[in-house]
Protein chains: 2
Amino acid sequence: MTRVLVVDDEPQILRALRINLRARRYEVAVAADGADALRLAASQPPDLVVLDLGLPDMDGVDVIRGLRGWTNIPIIVLSGRAGSQDKVLALDAGADDYVTKPFGVDELLARVRAVTRRTAGAGETVATVTVGRFTVDLAARTVRSDDGREVRLTPTEWHLLEILIRNPGRLVSQRQLLHDVWGPQYQSETNYLRQYMAQLRRKLEDDPARPRHLLTEPGMGYRFQPE
Amino acid sequence: MTRVLVVDDEPQILRALRINLRARRYEVAVAADGADALRLAASQPPDLVVLDLGLPDMDGVDVIRGLRGWTNIPIIVLSGRAGSQDKVLALDAGADDYVTKPFGVDELLARVRAVTRRTAGAGETVATVTVGRFTVDLAARTVRSDDGREVRLTPTEWHLLEILIRNPGRLVSQRQLLHDVWGPQYQSETNYLRQYMAQLRRKLEDDPARPRHLLTEPGMGYRFQPE
DNA sequence: CGGTCACGTCAAGGGAGCGTCAAGAAGGGT
DNA sequence: ACCCTTCTTGACGCTCCCTTGACGTGACCG
């Protein structure tokens, strides 16, 4: 269930939003001022923040900055001020949307759906990937077999493998690989790719002749296939 | 460089946006109507679309749906209608933001920064289309059956399918298909199209003899029909 | 009823692209 | 100056994809 933190000092708005959001099956937490909001967000991180800029204790933009210091959960700003400057400040501080009061509840809910729709699919990036019997640590630049033995890769092999792993399951074209590893002027030397893909397979695949993770897409490019 | 497609039929707005966006180092493409926008987005996908809802040829919400059929690049809607219902429809069709005219250029630019900031940091977007029992991921270049089996397509098959999917529900002429896949000098070799459409149907249609998604328009061209 | 056109299907040759082996060139460390 | 690692380059089968031709079929029309 999506967890929404509503920050506003006007009781009637707070109440209206809570009722409407609960009716749409959102889990709702409320805060009446900025300090309360930051504390609550830190202790029980929500999936979305609806933030009124006109708070009694601190500037709303500072609340945005306080949140953006450690998280990038979506923030929808409510404000009574329709000035262009206010909007720009809030959006550039890290807000995702800016709604001026008075606002329609239907509109706000649609904007809630719009921002949550986009962030729902965003997953975490991991630094360590398993390729068959091997564990690749992109940050540490190490490849370790499951029996503890280290596998050494040359700089070019690393560069190539890293691009493929950073696009798990996705095809990477020959042109892009050549461009990123060897440079803009090497866009047709596919023999380089054949050479180094063969080396990577010799080092990382159980059966280099039948690769299970470093796959060729004939005529197009290569693909790293996770388990 | 971030590529922005601006869709509007009012020359002065088009001009103002182009100048302001170019000054901020965006690459700007423009379209004056919905059909033009869909075609341009399909052939040269932008990183962001700024879309006026009041277009001469088709409903703006249908343009949003046409884009969302195969991509989830950010869409910022411009509209002269401030009604709550219009906003909800556009946002739920897949728009990321909704700005009512008249709007300040500073505000629009801030909203452009807000949506691009999020999609740039959130990693890659997944553009996935379902064709019968199969799921086509244009970005990853994969086709997966609902039972998990992979379907392999050759480069030419991909090229052809991609053009059709990027024009969902719309007729694509034989000339355009031949031109885009095989090149300018192959505009009458319709046997190529028959050959490859047959292969795509064998791989993607339940009953290749009675296609439900890869349709022939006799004498004109082919059409990808979504569910 | 017969002819034509456009589309769908099947089959086969030729060639592009891939994996592989091997050897020379370049760079860095001792 | 020498050796070792790494990168570059060339050559050679082999597989699979593209191309091409021929034939069948249904729709439309005279």
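The chains referred to below are lettered A, B, ... by the order of the sequence lines, with proteins before strands, and numbering in each begins at 1. The shown structure was predicted, so the numbers you read here are calculated from the model rather than taken from an experiment. Values below: every heavy atom of this structure, side chains too, minus hydrogens, waters and symmetry copies.
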Novice: Tell me: CZ of A:Arg210 to C1' of D:dT15, nearest whole Å?
Specialist: 14 Å
Novice: Can you tell me how far P of D:dT19 sits from CD of B:Gln185, to the nearest Å?
Specialist: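 From B:Gln185 CD to D:dT19 P: 11 Å.
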Novice: Just the rounded figure in Å: distance from P of D:dC18 to CD of B:Glu157.
Specialist: 6 Å
Novice: Under 4.0 Å between a side-chain N/O of B:Arg202 and OP1 or OP2 of C:dC10, yes or no?
Specialist: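 True: B:Arg202 side-chain N/O within range (under 4.0 Å) of C:dC10 OP1/OP2.
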Novice: Please report the interatomic distance CZ(A:Phe224) to CG(A:Leu160), rounded to the nearest 0.5 Å.
Specialist: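 With rounding to 0.5 Å, CZ (A:Phe224) is 12.5 Å from CG (A:Leu160).
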Novice: Check whether any side-chain N or O of B:Ser145 sits under 3.5 Å from a backbone N or O of B:Gly148 as a donor-acceptor pair, and report yes or no.
Specialist: no
Novice: Starting at CZ of B:Arg194 and ending at P of C:dC10, how long is that distance when rounded to a whole Å?
Specialist: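 Those two atoms, CZ and P, are 14 Å apart.
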Novice: Measuring to OP1 and OP2 of C:dG8, would you say a side-chain N or O of B:Thr216 lies under 4.0 angstrom away?
Specialist: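 Answer is yes, contact under 4.0 Å.
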Novice: Testing the basics here: between B:Arg202 and B:Pro208, what is the closest heavy-atom pair and its distance to 0.1 Å?
Specialist: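 Smallest heavy-atom distance, with atoms named: CA-CG, 3.9 Å.
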Novice: Please tell me which of the listed nucleotides, D:dT5, D:dT19, D:dA11, lies nearest to the side chain of B:Tyr196?
Specialist: D:dT19
Novice: Side chain of B:Ala209 only, please: which of C:dT9, D:dC7, D:dC17 is the nearest?
Specialist: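 The closest nucleotide is C:dT9.
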Novice: Between A:Leu193 (CG) and C:dC18 (C1'), how many Å, whole number?
Specialist: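 So the two atoms are 11 Å apart, to the nearest Å.
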Novice: Check B:Lys101 with B:Asp52, please: is the shortest side-chain N to carboxylate O separation under 4.0 Å?
Specialist: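 Answer for the salt bridge query: yes.
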Novice: Output the rounded distance in Å from CD (B:Glu189) to P (C:dC7).
Specialist: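 Rounded to whole Å, this separation is 14 Å.
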Novice: Please check the phosphate of C:dT9 (OP1 and OP2 only) for any side-chain N or O of B:Gln199 closer than 4.0 Å.
Specialist: no
Novice: Answer yes or no: does a side-chain N or O of B:Arg152 lie under 4.0 Å from OP1 or OP2 of D:dC16?
Specialist: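 Looking at the OP1 and OP2 atoms of D:dC16, neither is under 4.0 Å from any side-chain N or O of B:Arg152.
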Novice: Aromatic contact between B:Tyr196 and B:Trp182, with the criterion being ring centroids under 6.0 Å apart: yes or no?
Specialist: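 Yes - the distance between ring centres of B:Tyr196 and B:Trp182 falls below the 6.0 Å cut-off.
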Novice: Any side-chain N or O of B:Tyr222 below 4.0 angstrom from OP1/OP2 of C:dG8?
Specialist: yes
Novice: What's the CG-C1' distance between A:Leu178 and D:dT9, to the nearest Å?
Specialist: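 Value for this atom pair: 15 Å.
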Novice: Just to confirm, is there a sub-4.0 Å distance from OP1 or OP2 of C:dC7 to any side-chain nitrogen or oxygen of B:Gln195?
Specialist: no
Novice: When you measure from the side-chain N and O atoms of A:Trp182 to the phosphate of D:dT8, is any distance below 4.0 Å, counting only OP1 and OP2?
Specialist: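 It does, given that an N or O in the side chain of A:Trp182 lies less than 4.0 Å from OP1 or OP2 of D:dT8.
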Novice: What is the distance from CE of A:Met197 to C1' of C:dG17, rounded to the nearest Å?
Specialist: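 About 15 Å, once rounded to whole Å.
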Novice: Counting just side-chain N and O atoms, does A:Thr154 come under 4.0 Å of either OP1 or OP2 of D:dT5?
Specialist: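 For D:dT5, OP1/OP2 do not have a side-chain N/O of A:Thr154 under 4.0 Å.
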Novice: Would you please confirm or rule out a distance under 4.0 Å between OP1 or OP2 of C:dG17 and any side-chain N or O of A:Thr190?
Specialist: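 Checking A:Thr190 against C:dG17: no side-chain N or O falls below 4.0 Å of OP1 or OP2.
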